[in-house]
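First the structure, in the form of structure tokens, and then the observations on it.
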Amino acid sequence: MGKPAHPHAMAPHKPGRTRTAPPQMPSTWWSAPRIRNYLLFDATGIVYYAISFLAIGMIQALGRGPESWNAVMERLQHPAYIAFHVLCLVSVVFVAIRFFSLFPKAQPKAIGPIKPPPGGVIHAALYVVWFAITAGMTALLAGWIF
Amino acid sequence: MAEKTIVITRFDPDKDQAPRKQEYKVPCEPDWKVLDAVNFIKDELDGSVSHRWSCRMAVCGSCGMMVNGEPKLTCKTSINDYGDRIDIEPLANFPVVRDLVVELDGFMHKFESVKPWIVRAKEKAADQAALHETKGTYSQSAEQLATFKQFSMCINCMLCYAACPVVANEPEFLGPAAIALGHRYNMDSRDEGNAERNAIFRGEGTVFSCSYANECSEVCPKNVDPAAAVNQAKFEAVIDWAKNLVLPRGGA
Amino acid sequence: MRAFLLKIEPLIWLMFGQGILIGTMLLTGWILVVGLLIPLGMVDASALSYDRAHALATASLFGVVPVGKLVLAALLVLPLWKGAHHVRSLHVDFGGAERDGVVGVILYGIALVGSVIGIGAVVGL
Amino acid sequence: MNVFRHDIVIVGGGGAGLRAAIEAAENHPNASIALVSKVYPMRSHTVSAEGGAAAVARDDDNLELHGFDTVKGSDFLGDQDAIVYFVEQAPKELALLENWGCPFSRNEDGTVATRAFGGMTTKRTWYAADKIGFHMLHALFQHSMRFKNIVRYDEYFVSKLLVEGGACRGVAALDIRTGEYNAILGRGVILTTGGGGKIFPFTTNGTIKTADGMALAYRAGVPLKDMEFVQYHPTGLPGTGILITEATRGEGGYLRNNKGERFLVDYDYGVGKKAELGPRDMISRAIVQEIEAGRGFSGAYGAYVHLDLTHLGADVINFKLPFVRELAKTYVGVDPVTTPIPIRPVVHYMMGGVDTDIHGATILPGLYAAGETACVSINGANRLGSNSLTECLVFGAAAARHAMNYSKGAGAGDERAVIAQCEEEAGRVANLRGRKKGGEKIAAIRRELNQVMEDSCGVYREQVSMQAGVIATAQLRGRVADLRLEDESKVFNTEVITALELQNMVEVAETLAVSAAHRKESRGAHTCKDFKTRDDTNYLYHTMVHHDPAGPRLGKKDVVLGKWVPEERKY
Ligand SMILES: Cc1cc2nc3c(=O)[nH]c(=O)nc-3n(C[C@H](O)[C@H](O)[C@H](O)COP(=O)(O)OP(=O)(O)OC[C@H]3O[C@@H](n4cnc5c(N)ncnc54)[C@H](O)[C@@H]3O)c2cc1C
Ligand code: SF4
Ligand code: F3S
Ligand code: FES
């Protein structure tokens, strides 16, 4: 990370600014694994945006009736959609892993009288809930239950 | 002993238009820290190299530099962690004063802006009741101490600022160490300044600017875990905000 | 613009937090079945025939709590806020801090519009 | 050149300096207080103190006991009026520090916890795990920020006291960042610049501890007191000299020789089973003797013995001594939970310093001193561990009170003459910059100075070598005038700073050697092989060294005795 000092760095500064050089992305952002992971994590935002809009379209189709719905379901078989969904799945799993590991320590030490459980417990609980919901959703949508 | 090439970024505003790199061949002892190599250069090879250091025991916080692109406390980083060529630069994300010396003005300003002192609601005389009658100290349990102890371990080495991608791009961002410091006082059972600090934390360039890159905690040499502090502070600021919505004027 | 964003930041942050937490939890199974298992023929398409899909979406608990719609609404809306917030920070990371106000308003604006359309679609079922 | 005017000027941002600034600012909201430091205050070497700070806190303790322990620790050279004042103020000062946010370790009942320390008869050392100095310094620094009338001059190097008309009027300070000189004027100057361990090669002190304040006062005509007393800390890491706190022994650690024996038990100074809780001077001597008898280990940095904490268990170490574990792992690659730590005695603290009275005032009107740089003296011939942080607080505050009082009555003097002095100083230092045709390298002379001091004023001293030290330091004083400097830049020229520091160290080293050679007895930290016992008939006084162009001139000052009569020092 980090580029060499920028000549502007010595320019007069406003109080409260820690740097005066122009904003910059670290020069090695792609080769530094931690920064790369972080940026990829942020980049999944694009995927979430997209999957939301796609799903909204599907529900609208569901609202319009069987014909639209069937058309949508058929379109999803196109390789491009398959590829997109593979990307989505990878993203979601990646987000879950990173977020679950960061989430526990961001918990306040106490919310009023309530004290969150220790970090390790929260971390494990997140995985349990995630697996449970995913299993439930999968079984439901795939018609294995109900 | 192994000879290593130490590349130091030089910048003298009196002479240089832009920073330049200078190489030194240094015979390094295996038990050296990176700082020892820089000191060797200063003492024996080139007296004009400028850098800060003092305690050489990882507690004064003055010797932070970029070592092969990573912010490091050089008195704590073994020279053997690196190969034959080591690139040493001033801390990223700070204005450079000279060579390896960066400017702290902005940092100190941010540091001060979170009110890093015990705020008490009452005037001192009226406050005496809270103090232990014979000893004059506040009572604090080991558990209460534990809630903020970690965040009080910050040595202000500023490595976290050099690592944080948001600091790099948003100069006004209060930054990890300053927020951790404010949060440390918020968590202290002796302090009553939460409302004031939470109001600061909801201001521009504060907790919500952090995108939880967690880089700050990765590079922190003292396990302060500033990322935890910043994100806990977000929670607290949100809770405080919600309280304000329900019960204006600071809630209960 | 930034001043406005700042005012609503706690709200945005809450939406984002739920987006990343609940959004991720709900999306995983959805993507798996709707996006992959059914299109690839590993699960029979009849599982999400129009009738069954509609029935699931409008299912309710004890006839009063519309669980189907609630889950769907969360699934459609929340990830939008996760998306908006992360794209915004990505934009800042690549040097866009100066434009952050405008870009932020646009991104959250899109999320808001999406949310309205999404909820409309769910309600209209 | 800039001129800044304040009510008082405090030089040094360590524990003593910050405490002084807070005291002045809090009680005089309309006064303007300058706080000048050559490093940002939170970098001051107070940050490195590990063990704790002493003040009576427990019910089974009392002021009398603390007083007596201190007097006895000082080998009866401490001034008893100062010690009585010190132990009285100590609990109040530490309570204030607690009120200001210092995260002290706690007892079950929520009160502040205390631990045992060498030479203290009971547990009276307040601690914050093993980072008291760090927490104290940061609590003081952060608390000081709430006072807007403290004006900080961070990274300004003071190289001269401006004395005019028989009073101290301010300081000449080099702004390290710009290379410009500034006259920072005040009617009252407090020196709190810390000690000078860097005079020695092997020390727990950081690189900034170069005895600047002592040299400044000395050149301004104020005598230095008791300079021969240099404390060796028994437990430093070989090589770096990094301190392993006395709290390791307070918590129950053992010293062992190469046979695995707790050898201290054999050195009869009467602590018996708690042999490790003896005072520092005695334990340091025991270690040296043990090594000389061939019962040490040998290593790349000379012989050493073992500090064994393994029997304390991981929990005690992690909870009470986490920093020790971190230091041992990082700097000698040893985990104290499983393996003993190699240690040897190392220069730690200077009991001597700028001669002051009980209020911190020197003989020069307007000049005050506090903290390690001052000699009040409560430490006499040997300081007890954990008394010095408290001393910084007690006498920092006292000096501020008296300096503020003084400033109310003092005139401004002839300001033009004062500024002219500062300009002259600026000229001198400008000439140093980029002085390429000069004679010797800074690092070379520093190494030589270190060697001279190690040889002449070590744990055990001999008349011959001390005399040689006197001659050698006098010579060095001549040679530091002719240094070779490469750096021509005005901006952050650290080479000029090191040169000025070296000149200060050499000057102070000479006073040290002279005082040591003069004291023909063994007392506290000053152990002469030629004179093995304490000699109260001839040497129960403070050694004073006065500046003289011809070389240091010696004098005496009576010890203030009181209710505690000198007796043999036995533990
Ligand atoms: C490793 C270690 C551990 C210790 N542990 C303990 C302990 O457990 N308990 C205890 O009681 N004591 C302990 N001590 C001793 C104690 O820490 C010191 O005596 C005390 O901190 C000194 O504080 P001070 O304020 O006098 O000086 P310092 O903290 O050294 O501060 C000196 C200040 O003066 C400034 N300064 C110096 N020269 C100049 C100049 N020329 N111009 C401008 N500014 C200048 C510096 O920048 C600095 O801010 C320990 C000491 C060491 C080294
Ligand atoms: S939080 Fe850690 S990295 Fe940041 S300044 Fe403090 S000690 Fe250094
Ligand atoms: S690296 Fe920066 S973005 Fe937040 S979690 Fe740390 S402050
Ligand atoms: S020199 Fe003090 S932290 Fe490295």
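These figures come from a predicted structure and were not determined experimentally. Convention: sequence-line order gives letters A, B, ...; per-chain numbering from 1. All values below come from the heavy atoms of this structure, side chains included, with hydrogens, waters and symmetry mates left out.
Going from atom OG of S91(A) over to atom CG of L27(C) covers 10.0 Å, rounded to the nearest 0.5 Å. W30(A) contributes atom CH2, which lies 12.0 Å from atom CD1 of I35(A) (distance to the nearest 0.5 angstrom). Atom CD1 of I97(A) and atom CG of N37(A) lie 10.5 Å apart (nearest 0.5 Å). Going from atom CG of L54(A) over to atom OH of Y49(A) covers 16.0 Å, rounded to the nearest 0.5 Å. Once rounded to the nearest 0.5 Å, the distance linking CD1 of I20(C) with CZ of R98(A) reads 9.5 Å. Rounding to the nearest 0.5 Å gives a distance of 9.5 Å between OG1 of T138(A) and CD1 of I145(A).
Contacts from residues 113-132 of chain A to chain C, taken as heavy-atom pairs separated by less than 4.5 Å, involve L126(A), V129(A), W130(A) in sequence order. Taking 4.5 Å as the heavy-atom cut-off, the residues of residues 118-125 of chain C that approach chain A are G118(C), A121(C), V122(C), L125(C), ordered by number.
Of all the listed residues (D42(A), V93(A), L141(A)), the one sharing the greatest number of non-hydrogen pairs under 4.5 Å with chain C is D42(A). Of the listed residues (P39(C), A55(C), G17(C)), the one with the most heavy-atom contacts under 4.5 Å to chain A is P39(C). Of all the listed residues (P79(C), A111(C), A59(C)), the one sharing the greatest number of non-hydrogen pairs under 4.5 Å with chain A is P79(C). Comparing L37(C), L72(C), I38(C) by how many heavy-atom pairs each has under 4.5 Å with chain A, the most go to L72(C). Listed options F41(A), W144(A), F103(A), F53(A) were ranked by heavy-atom pairs under 4.5 angstrom with chain C; first place goes to F41(A). Chain C forms more heavy-atom pairs under 4.5 Å with one residue of V92(A), I59(A), T134(A), I133(A) than with any other, namely I59(A). Per-residue counts of heavy-atom pairs under 4.5 Å with chain C were compared for L89(A), L62(A), V95(A), I51(A); the largest is that of L62(A). If you tally non-hydrogen atom pairs under 4.5 Å between each of V43(C), V77(C), V34(C), V33(C) and chain A, the highest count goes to V33(C).
The salt bridge (Lys or Arg N to Asp or Glu O under 4.0 Å) test applied to K105(A) returns D225(B), not counting sequence neighbours.
Proximity to chain A (any heavy atom under 4.5 Å) is restricted, for A57(C), to the side chain, taken from C-beta onward. With a 4.5 angstrom heavy-atom cutoff, S49(C) touches chain A only via backbone atoms. Looking at V92(C), there are no atoms closer than 4.5 Å to chain A (heavy atoms on both sides), in backbone or side chain.
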Using distance only, find each side-chain donor-acceptor pair of residues 67-88 of chain A under 3.5 Å and give its atom names and separation, not counting sequence neighbours.
residue, atom, partner, partner atom, Å
W69(A), NE1, L48(C), O, 2.9
N70(A), ND2, P66(A), O, 3.4
H78(A), ND1, A80(A), N, 3.0
H85(A), ND1, Y81(A), O, 3.1

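K82(C) forms a cation-pi arrangement with Y48(A), by the criterion of a distance under 6.0 Å to the ring centre and an angle within 45° of the ring axis.
A donor-acceptor pair shorter than 3.5 Å can be found between the side chains of S115(C) and W81(C). Side-chain N/O atoms of R88(C) and Y108(C) include a donor and acceptor closer than 3.5 Å.
Taking the side chain as every heavy atom from C-beta outward, I106(C) and V102(C) approach each other to under 4.5 Å. Between M25(C) and L75(C), every side-chain heavy-atom pair lies at or beyond the 4.5 Å cut-off. Looking at heavy atoms from C-beta onward, W30(C) lies in side-chain contact with M58(A) at the 4.5 angstrom threshold. The side-chain heavy atoms of R52(C) and L56(C), taken from C-beta on, include a pair separated by under 4.5 Å.
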